[in-house]
2 protein chains.
Amino acid sequence: MQMVTDSDRAAYAAARMAEFAARCHRGGLAVTPQRLAIIRALLAAADHPRAETIYAQVRREHPHISLATVHRTLETLCRIGEARKVTALHDSARYDGNTAPHHHVVCLGCRRIRDIEIPGVERLLDGRDDLGEFKLMGCALEIHALCAQCQRKPGRSNPKRLANRKQSIATSNHVDS
Amino acid sequence: MQMVTDSDRAAYAAARMAEFAARCHRGGLAVTPQRLAIIRALLAAADHPRAETIYAQVRREHPHISLATVHRTLETLCRIGEARKVTALHDSARYDGNTAPHHHVVCLGCRRIRDIEIPGVERLLDGRDDLGEFKLMGCALEIHALCAQCQRKPGRSNPKRLANRKQSIATSNHVDS
DNA sequence: TCACAATTGATAATTGTTACCACCTGTAAG
DNA sequence: CTTACAGGTGGTAACAATTATCAATTGTGA
Ligand SMILES: [Mn+2]
Ligand SMILES: [Mn+2]
Ligand SMILES: [Zn+2]
Ligand SMILES: [Zn+2]
């Protein structure tokens, strides 16, 4: 179990940028200066930025870029598998009356969430009180899935295709663990 | 690894409702009809509802209740540990340029997110293509923590205490999957 | 170089959530 | 059983994040 370091990221980012134009082509996207700037900013960030943060960064080179473009582009990048959203369920707060420790299966189509118990999970962190500078408070395993209904339908209220993940390229040199 | 069944929930909900008034007292909260209706609706729901859904349900008995009260109350219940928010990071979408499989450490104070690699996680689901009706697509382990900075400060924009989790009840009889 | 579909910027609209504040009510003291 | 009042509520305005719209611009392949 290892935190990913800054130098890991720098190398990874360089490799990804080198291939970006080709990847856009493959995904049927035009290679615009805005898209280049946005993916560059995203790959340079260590902290999983929000749209507003990318906007602030990109604006320095493209003062005329629109925030809407940043939102759109980030979603587009996720669609073609060049980025991913860390917050699959960020659109509205979801509450749980079950305060016992447990985890969740999330349908990516309709966003239903079901409880599941997986004893092994907490054990992964057993014996640790911290991870580097981070003091551990708990953990949540989110299992992404498609419910029976959503396996047929294209995807109700959440038309986010979540990319078919045919991706395989460029998952080559990653940070080691 | 077991899905939690409806009958599990029913028993658990009954136990929790029986103690709710006492628990409110302990937390320094008044026991209002609105709060009773909201916790009842939350405990009856299997799908981790959003505020709007609870509102629709509770309205049937309390047609005059305000949506604002539902939002407030759900947050209050989380604060005293009677409920929890499934979506710790729901406020704005966070993007990740790193498409390699990895997991995240989230600071509950400042919401910074750092990459981490934990090889054991995917292994928990190895050999499975589905969980009951759910077809598996992937999983994400979110480790909740406090960064060095936020261990001192009370807790910036996210004062949510995340409840002490002393719970233990009603995780008894489950169905296997 | 050209034609056209894709993309962008500006801005309006929508959605989920929180802030406000006057009125109401659960609580505990008498 | 009253009473006083801190805390809670409803109605609504304000906010923040995101998405929709659409005319103008631009990348692409021919
Ligand atoms: Mn749950
Ligand atoms: Mn990451
Ligand atoms: Zn579904
Ligand atoms: Zn922090």
Side-chain angles (χ1 to χ4, degrees), chain A residues 20-39 48-56 58-59 61-80 82-83 85-95 111 157-161, chain B residues 20-39 48-56 58-59 61-80 82-83 85-95 111 156-160:
Chain A
F20 184 68
R23 284 162 167 277
C24 277
H25 260 223
R26 227 166 300 162
L29 297 185
V31 181
T32 66
Q34 291 92 335
R35 281 184 182 150
L36 281 166
I38 289 167
I39 187 75
H48 305 78
R50 63 191 69 200
E52 190 75 41
T53 308
I54 295 283
Y55 179 55
V58 168
R59 243 167 169 236
E61 287 186 47
H62 298 261
H64 288 307
I65 199 171
S66 160
L67 176 56
T69 298
V70 175
H71 277 289
R72 266 187 313 231
T73 302
L74 287 169
E75 285 302 315
T76 302
L77 292 176
C78 289
R79 182 165 47 74
I80 67 167
E82 288 298 301
K85 203 186 283 202
V86 177
T87 48
L89 287 169
H90 87 285
D91 51 332
S92 58
R94 304 285 291 269
Y95 296 90
R111 307 206 162 182
S157 58
N158 178 22
K160 291 135 195 177
R161 287 278 155 273
Chain B
F20 183 68
R23 285 163 166 279
C24 277
H25 258 225
R26 229 165 299 161
L29 297 185
V31 181
T32 67
Q34 292 91 336
R35 283 184 180 150
L36 281 166
I38 289 168
I39 186 75
H48 305 76
R50 63 191 70 200
E52 189 75 40
T53 308
I54 295 283
Y55 179 55
V58 168
R59 242 167 167 233
E61 288 186 45
H62 298 262
H64 287 306
I65 199 172
S66 160
L67 176 56
T69 297
V70 175
H71 277 288
R72 267 186 313 230
T73 301
L74 288 169
E75 286 302 315
T76 302
L77 292 175
C78 290
R79 182 166 46 77
I80 67 166
E82 288 299 300
K85 203 187 281 204
V86 177
T87 48
L89 286 169
H90 88 286
D91 52 333
S92 56
R94 304 286 290 269
Y95 296 91
R111 306 205 164 182
R156 296 192 355 161
S157 58
N158 180 22
K160 291 132 194 176

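Remember, it's a predicted structure, so these values are computed and weren't measured experimentally. Just so we're on the same page: letters track the sequence lines, and every chain starts at 1.
Atom CG in Leu67(A) sits roughly 11 Å away from atom P in dT19(D) (whole-Å rounding). Rounded to an integer number of Å, the gap from CD of Gln34(A) to C1' of dT25(D) is 10 Å. A straight line from CG of Leu36(B) to C1' of dG8(D) spans 13 Å, rounded to a whole angstrom. Nucleotide dT18(C) holds its C1' atom 13 Å from the CG atom of Asp91(B), rounded to whole Å.
Checking the phosphate oxygens (OP1, OP2) of dT17(C), no side-chain nitrogen or oxygen of Ser92(A) falls inside 4.0 Å. The phosphate of dT18(D) has OP1 or OP2 within less than 4.0 Å of a side-chain N or O from His90(A). The phosphate of dG10(D) (OP1 or OP2) has no side-chain N or O of His64(B) nearer than 4.0 angstrom. Contact annotation: Thr69(A) side-chain N/O to dG9(C) OP1/OP2 distance is under 4.0 Å.
Place Pro33(B) and Glu52(B) on DNA chain C by their nearest nucleotides, and Glu52(B) ends up nearer the 5' end. Projected onto DNA chain D by closest heavy-atom contact, Ser66(B) and Arg94(B) fall at different nucleotides, the more 5' of which corresponds to Ser66(B). DNA chain D is contacted by both Thr32(A) and His62(B); His62(B) maps to the nucleotide lying nearer its 5′ end (nearest heavy atom per residue).
Over its full length, the helix from dT1(C)-dA30(D) to dG30(C)-dC1(D) turns its helical axis through 50°, comparing axes from the five pairs at each end and rounding to 10°.
Distance from the side chain of Ala30(B) is smallest for dG26(C) among the nucleotides dT8(C), dT18(C), dG26(C).
Annotation: side chain to side chain donor-acceptor pair (under 3.5 Å) contacts of Ser66(A) (sequence neighbours excluded): none.
Exactly one residue among Leu74(B), Val86(B), Thr53(B) makes a side-chain contact (heavy atoms from CB on, under 4.5 Å) with Arg94(A). That residue is Val86(B).
The base of dG27(D) lies outside donor-acceptor range of the side chain of Arg35(A), with no N or O pair under 3.5 Å.
Within 4.0 Å of Ala68(B), counting heavy atoms only, lies at least one base atom of the nucleic acid.
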Can you list, pair by pair, the side-chain donor-acceptor contacts under 3.5 Å of residues 30-38 of chain A, counting residues two or more places apart and other chains?
residue  : atom : partner  : partner atom : Å
Thr32(A) : OG1  : Arg35(A) : N            : 3.1
Arg35(A) : NH1  : Ala30(A) : O            : 2.8

